[in-house]
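Everything on this sheet refers to the single structure shown next.
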Amino acid sequence: VDLASVVTPARARMALKFFWNRADKKATTYVHGISHMVLMIARHWAHLPEADLKCLYAMNKQLRPTASGMTQDNVALLRQFDDPKKQQALLELPATLLAGAKMLGQQTVQAALLAQTAAIIELLLHVPMRIKNLCNLRIGTHVIRGPQGAMHIALPAAEVKNEVAINATLGRETARLIGDYIDRYRPLLTKGENDCLWPGQRAG
């Protein structure tokens with residue numbers, strides 16, 4: 001009848017079962033993508049009741065394919081770090097970049113961007129996360145600074161794709177490097193008040 005009728009749980013289940021059977025009853029990226037599209041239409045266009053959305057979300061979760069490991073491209077990319085010298089160079093890269101920022105002398109946007117890159121790499125070396133979570137980090141919400149330079153990273157399960165919360169206390173040197181970026185360089189990258197750890201060109 002209309003788009004809202006198509007995405008009701010009963011009809012969505014019939015359609016998704018058809019695609020699931022066609023995929024030899026396996027959870028595939030294709031079927032999961034259709035399920036996700038149904039959920040988005042139901043939520044943002046049809047505005048179905050919360051009970052219906054919960055049913056659709058359960059279907060979407062059930063159809064999510066299980067990761068079976070890294071892709072061959074990523075395996076090949078990481079193989080270079082079998083070389084201990086390259087491992088060490090990666091571990092030292094944040095400090096090298098931060099030293100380069102300080103060598104520029106006066107505080108400039110160029111220096112601030114170097115320091116920002118150093119802080120990003122340092123954080124990812126110790127607390128791996130998806131790019132979306134990295135970009136959305138907020139000071140005071142996700143990045144919590146404690147007494148004597150302590151720093152904690154906290155991401156609730158609802159904000160993480162695999163629904164596993166991230167809670168990590170950073171080591172002293174990591175907290176010092178990121179704290180140095182926040183206090184000394186981050187103000188050069190933003191105008192006005194905002195809590196973004198990595199502020200962009202647009203306010204907020």
Side-chain angles (χ1 to χ4, degrees), residues 29 64 67-204:
T29 303
R64 183 181 299 161
S68 58
M70 290 188 293
T71 65
Q72 289 302 308
D73 287 345
N74 285 337
V75 170
L77 191 64
L78 290 173
R79 194 172 294 127
Q80 63 183 303
F81 294 108
D82 291 341
D83 182 345
K85 291 183 178 179
K86 290 187 177 181
Q87 286 184 29
Q88 192 62 31
L90 176 61
L91 294 173
E92 293 174 355
L93 181 57
T96 302
L97 292 173
L98 191 60
K102 291 177 179 178
M103 283 179 62
L104 291 174
Q106 60 184 4
Q107 290 183 311
T108 63
V109 171
Q110 183 183 2
L113 290 173
L114 269 180
Q116 184 184 74
T117 304
I120 288 171
I121 295 171
E122 179 72 12
L123 180 60
L124 289 177
L125 284 172
H126 295 277
V127 189
M129 66 183 73
R130 288 180 170 84
I131 191 70
K132 182 177 179 180
N133 290 125
L134 178 72
C135 292
N136 289 335
L137 290 177
R138 305 274 176 165
I139 300 171
T141 302
H142 307 112
V143 183
I144 303 163
R145 304 182 76 178
Q148 299 179 338
M151 191 174 293
H152 189 82
I153 304 297
L155 283 162
E159 295 184 24
V160 182
K161 187 176 181 181
N162 62 5
E163 299 179 352
V164 177
I166 296 175
N167 286 289
T169 299
L170 301 182
R172 183 179 301 175
E173 287 303 309
T174 299
R176 181 196 59 78
L177 189 150
I178 295 174
D180 193 17
Y181 156 73
I182 292 173
D183 296 333
R184 183 175 180 183
Y185 295 101
R186 181 182 168 279
L188 300 171
L189 299 174
T190 183
K191 294 179 181 179
E193 293 293 328
N194 74 75
D195 58 356
C196 300
L197 183 58
W198 325 111
Q201 293 180 345
R202 291 178 295 176

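Here Thr174 contributes atom OG1 and Leu123 contributes atom CG; the two are 8.5 Å apart, rounded to the nearest 0.5 Å. In this structure, Glu159 CD and Leu137 CG are separated by 9.0 Å, a value rounded to the nearest 0.5 Å. If you take CE on Met129 and CG on Leu134, they are separated by 6.0 Å, rounding to the nearest 0.5 Å. Within the model, atoms CG of Leu98 and CZ of Arg184 stand 8.0 Å from one another, a figure rounded to the nearest 0.5 Å. Note that CG of Asn136 and CD1 of Ile131 are 10.0 Å apart. Values are rounded to the nearest 0.5 Å.
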Taking it one step at a time, do Asp180 and Lys102 satisfy side chain to side chain contact (heavy atoms under 4.5 Å, CB included)? CA-CA 11 Å; Asp180 193 17; Lys102 291 177 179 178; 3.5 Å; yes
Quiz item: Where do Val143 and Ile153 land on the side chain to side chain contact (heavy atoms under 4.5 Å, CB included) test, with the steps shown first?
Solution: CA-CA 5 Å; Val143 183; Ile153 304 297; 4.0 Å; yes
task = For Gln110 and Leu104, run side chain to side chain contact (heavy atoms under 4.5 Å, CB included): C-alpha distance rounded to whole Å, both residues' side-chain angles, the deciding distance at 0.1 Å, then the answer.
result = CA-CA 8 Å; Gln110 183 183 2; Leu104 291 174; 4.0 Å; yes
Original post:
Could you walk me through whether Leu155 and Arg130 pass the side chain to side chain contact (heavy atoms under 4.5 Å, CB included) check?
Top reply: CA-CA 11 Å; Leu155 283 162; Arg130 288 180 170 84; over 6 Å; no
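Other residues, nucleotides and ligands contribute more than 12 heavy atoms inside 6.0 Å of the CD atom of Glu163. Environment of CD in Gln80: crowded, with over 12 heavy atoms of neighbouring residues, nucleotides or ligands closer than 6.0 Å.
Sequence neighbours left out, the pairs with a member in residues 165-179 that pass salt bridge (Lys or Arg N to Asp or Glu O under 4.0 Å) are Glu173-Arg176. The list of ring pair (Phe, Tyr, Trp, His ring centres under 6.0 Å) pairs with a residue in residues 80-101, not counting sequence neighbours, is empty. Residue pairs that meet the ring pair (Phe, Tyr, Trp, His ring centres under 6.0 Å) test with at least one member in residues 101-153, sequence neighbours left out, do not exist here.
The two residues Ala101 and Ala111 have their closest heavy-atom pair at CB-O, 3.3 Å. Smallest separation of non-hydrogen atoms from Leu189 and Val109: CD2-CG1, 4.1 Å. Contact between Pro156 and Val160 at its shortest, heavy atoms only, is O-CG2, 3.5 Å. A pairwise comparison of heavy atoms in Leu177 and Ala95 identifies CD1-N, 4.2 Å as the closest pair. Smallest separation of non-hydrogen atoms from Ile182 and Arg186: O-CB, 3.5 Å. In plain terms, the two heavy atoms of Gly179 and Arg145 that are nearest each other are CA-NH2, 3.6 Å.
With sequence neighbours left out, the side chain to side chain donor-acceptor pair (under 3.5 Å) criterion links Gln87 to no other residue. With sequence neighbours excluded, no residue satisfies side chain to side chain donor-acceptor pair (under 3.5 Å) with Asp82.
Residues Leu125 and Leu93 have side chains not in contact (no heavy-atom distance under 4.5 Å, counting atoms from C-beta outward). Side-chain contact between Ile178 and Met151 is present, with at least one heavy-atom pair separated by less than 4.5 Å.
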Could you pull out all donor-acceptor pairs under 3.5 Å where a side-chain atom in residues 113-121 meets a protein atom, sequence neighbours excluded?
residue : atom : partner : partner atom : Å
Gln116  : NE2  : Tyr181  : OH           : 3.3
Thr117  : OG1  : Leu113  : O            : 2.9

